[in-house]
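Beneath this line is the structure, given in structure tokens, with notes to follow.
Convention: sequence-line order gives letters A, B, ...; per-chain numbering from 1.
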Number of protein chains: 2
Amino acid sequence: MSMHVTVGPAALTPFLAAEPVQASTGPQILRPFARIKRWPRDQDIVYQGNSADDWYCVISGACRQYMVRPDGRRRIVDILLPGDFFGFTVETAHRFAVQAIAADTIVASYSRSQIEAAADADPLVARAIRERTISTIARLQEHLLVVGTMTAAEKVRAFLSNMFDRLPNRRGSGITLPVSRYDIADQLGISAETVSRAITELRVLGTIHLGSPRNLQTIEPRYLD
Amino acid sequence: MSMHVTVGPAALTPFLAAEPVQASTGPQILRPFARIKRWPRDQDIVYQGNSADDWYCVISGACRQYMVRPDGRRRIVDILLPGDFFGFTVETAHRFAVQAIAADTIVASYSRSQIEAAADADPLVARAIRERTISTIARLQEHLLVVGTMTAAEKVRAFLSNMFDRLPNRRGSGITLPVSRYDIADQLGISAETVSRAITELRVLGTIHLGSPRNLQTIEPRYLD
DNA sequence: CGTGTATTTGAACCGCCTCAATCCCTGTGG
DNA sequence: CCACAGGGATTGAGGCGGTTCAAATACACG
């Protein structure tokens with residue numbers, strides 16, 4: 001079964017020297033398979049328990065991947081920004097729901113069976129998918145590190161810093177947070193009030209500068225890590 | 001470069017109906033590439049900052065994937081059990097260290113470039129890797145959910161439940177926890193004392209039964225989720 | 001320009017962390 | 001097989017940080 005094929009170095013593309021994600025289209029090589037759809041704010045893109053037949057890529061806007069616990073608490077496991085993939089599951093059903101955070105969020109969806117067939121036929125497709133799954137792992141691990149942090153202020157600072165790096169910062173006027181304090185709270189596992197207090201604290205300390213509650217102008221490089 | 005091979009439906013294996021991991025060898029199809037190595041307890045398998053040239057699979061024993069923060073705190077981002085892969089990175093260097101928890105932990109390593117070349121040549125190899133990356137995502141998301149839980153007792157209960165499902169339970173005599181209270185604490189983001197108190201609480205409540213501190217005989221099915 | 005929602009602030013309570021001491025398993029050597 | 005040593009686990013007391021409930025303020029959208 002295993003084929004000991006000798007493959008020259010020329011066949012190796014540098015790992016994860018992937019083309020930057022075209023924010024408007026998703027990965028180039030998967031474009032032929034993409035079904036583009038636009039979603040209103042707070043609309044459900046994937047329901048918990050949905051059959052996991054598709055993979056997705058955020059094109060613009062933002063999404064939250066989450067689960068609502070029986071006690072009513074919402075746990076956000078991933079904030080998805082343009083270029084981020086989601087929908088990779090081990091089970092045949094989605095364990096988490098995904099919904100648009102921003103108005104007019106654009107998401108590409110791909111038939112899993114179709115993409116997998118394409119991956120079988122074209123190693124470059126397989127590599128593109130592999131890169132995305134590995135990026136997802138990196139994102140989750142980073143988040144895990146943040147959530148594990150002790151103090152609330154440090155959690156919030158790390159979260160904001162992460163957003164600052166991932167979101168476009170045009171003309172140096174800072175970023176626009178796509179998420180509410182409640183979203184931040186549910187992702188960090190703390191209360192919204194504590195998020196607010198932490199942000200106030202960071203502002204007073206001069207660690208961050210806000211233009212408005214959703215506009216983060218500057219943030220000091222991490223002093224912990 | 002890309003090989004547009006036409007592959008009929010017969011060539012498609014059902015997604016993630018993968019063969020169960022041979023605990024003694026790792027995935028069958030990757031076996032020809034595996035370099036097997038045995039590690040003593042607390043020995044470093046991967047150092048933080050190491051060049052990420054290899055992927056790994058735990059064959060037997062257990063590992064912790066972690067980072068030590070500047071303040072000296074250790075954050076464990078993943079507990080790796082037989083069948084679990086690690087070493088998937090976006091960067092060219094490992095962001096986390098990995099070390100053996102159990103004595104005589106056996107780990108298979110694979111040259112990343114070699115495996116990627118094999119994946120390019122054989123879609124089944126590519127699928128095997130994809131399955132492992134997706135399993136890693138599932139494990140991290142599960143963990144994220146647990147860490148985000150509010151009370152310490154529930155975190156510990158979820159952790160133990162998770163271990164109970166993942167570890168072999170021979171003759172119904174329960175599982176042997178490969179990790180110390182400190183490991184559990186560092187993974188859940190709480191103190192070791194709190195872990196101990198939570199375990200005592202769960203035992204008093206009858207939620208769990210311990211044969212010894214490391215032997216978990218029974219655990220009630222999750223009442224939350 | 002007004003209304004509804006998001007955000008901020010306040011006060012009291014509770015749970016977890018910290019520091020410390022004790023107990024008890026486990027593995028080693030006699 | 002037993003005694004002992006050493007690390008792991010448990011328990012205790014006190015303080016702090018975060019949650020909760022509640023209210024005021026600020027922002028964004030129509």
Item to check | From CA spacing to verdict: side-chain hydrogen bond (donor to acceptor under 3.5 Å, both in side chains), A/Q141, B/R95 | outcome: CA-CA 10 Å; A/Q141 285 180 327; B/R95 181 153 168 60; over 6 Å; no

Next on the checklist: Would B/R74 and B/D183 count as a salt bridge (charged side-chain N to carboxylate O under 4.0 Å, His left out) here? Give the steps.
Outcome noted: CA-CA 9 Å; B/R74 182 185 65 169; B/D183 286 318; 2.9 Å; yes

Next on the checklist: I want to confirm an ordering. Mapping A/P213 and A/A192 to their closest nucleotides on DNA chain D, which one lands closer to the 5' end?
Outcome noted: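 With A/P213 and A/A192 compared, the 5'-side residue is A/A192.
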
Item to check | First of A/G211 and A/V195 reached from the 5' end of DNA chain D, by closest nucleotide | outcome: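 The residue closer to the strand's 5' end, by nearest nucleotide, is A/V195.
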
Whole angstrom is fine here: how far is it from [atom1] in [X] over to [atom2] in [N]?
X	N	atom1	atom2	result
B/R181	C/dC23	CZ	P	19 Å
A/D183	C/dT7	CG	C1'	13 Å
A/R214	D/dA28	CZ	P	9 Å
A/E201	C/dG10	CD	P	14 Å
B/E154	C/dG15	CD	P	15 Å
B/I199	C/dC23	CD1	C1'	16 Å
A/Y182	D/dC27	OH	P	16 Å
B/N215	D/dG8	CG	P	19 Å

Item to check | Nearest to side-chain heavy atoms of A/R73, which nucleotide of D/dT20, D/dG8, C/dT9 | outcome: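 Of all the options, the side chain of A/R73 is nearest to D/dT20.
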
Item to check | Audit row: B/Q48, B/Y66, side-chain hydrogen bond (donor to acceptor under 3.5 Å, both in side chains) steps and yes/no | outcome: CA-CA 9 Å; B/Q48 199 171 325; B/Y66 69 99; over 6 Å; no

Checklist entry - Does a salt bridge link A/D71 with A/R69, judged by any charged N lying under 4.0 Å from a carboxylate O? => result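 Looking at A/R69 together with A/D71, the answer is no, because their closest N to O distance does not fall below 4.0 Å.
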
Checklist entry - Which part of the nucleic acid, if any, lies within reach of A/S180 when heavy atoms closer than 4.0 Å are counted: base, sugar-phosphate only, or nothing? => result sugar-phosphate

Item to check | D/dA28 phosphate, OP1 or OP2, under 4.0 Å from A/S212 side-chain N/O | outcome: yes

Next on the checklist: With a 4.0 Å cutoff (strictly under), does any side-chain N or O of B/T200 reach OP1 or OP2 of D/dT11?
Outcome noted: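 So the side-chain polar atoms of B/T200 do come within 4.0 Å of the phosphate oxygens OP1 or OP2 of D/dT11, strictly under.
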
Item to check | Heavy-atom side-chain proximity of B/D44 to B/V46 below 4.5 angstrom | outcome: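 No. Closest side-chain heavy atoms not under 4.5 Å.
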
Next on the checklist: Tell me the bend of the helix from C/dC1-D/dG30 to C/dG30-D/dC1 as the angle between end helix axes, each from five pairs, rounded to the nearest 10 degrees.
Outcome noted: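 Angle reported: 60°, given to the nearest ten degrees.
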
Next on the checklist: Show, in sequence, the C-alpha distance, side-chain angles and deciding distance for B/D104 and B/R41, and conclude whether the salt bridge (charged side-chain N to carboxylate O under 4.0 Å, His left out) test is met.
Outcome noted: CA-CA 7 Å; B/D104 289 323; B/R41 189 167 186 267; over 6 Å; no

Checklist outcome for this item: Once base and sugar-phosphate atoms are separated, protein heavy atoms under 4.0 Å mark nucleotides 12-18 of chain D, 5' to 3', with B, S and - as BB----S

Checklist entry - Should we say atom CZ of B/R35 is surrounded by more than 12 heavy atoms from elsewhere, each under 6.0 Å from it? => result yes

Item to check | Set of residues satisfying side chain to side chain contact (heavy atoms under 4.5 Å, CB included) with respect to A/S191, sequence neighbours excluded | outcome: A/E193, A/T194

Checklist entry - Using the ring of each side chain (for Trp, its six-membered ring), is A/F86 parallel, tilted or perpendicular to A/Y56, with breaks at 30° and 60°? => result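 Because their plane-to-plane angle is under 30°, the rings of A/F86 and A/Y56 count as parallel.
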
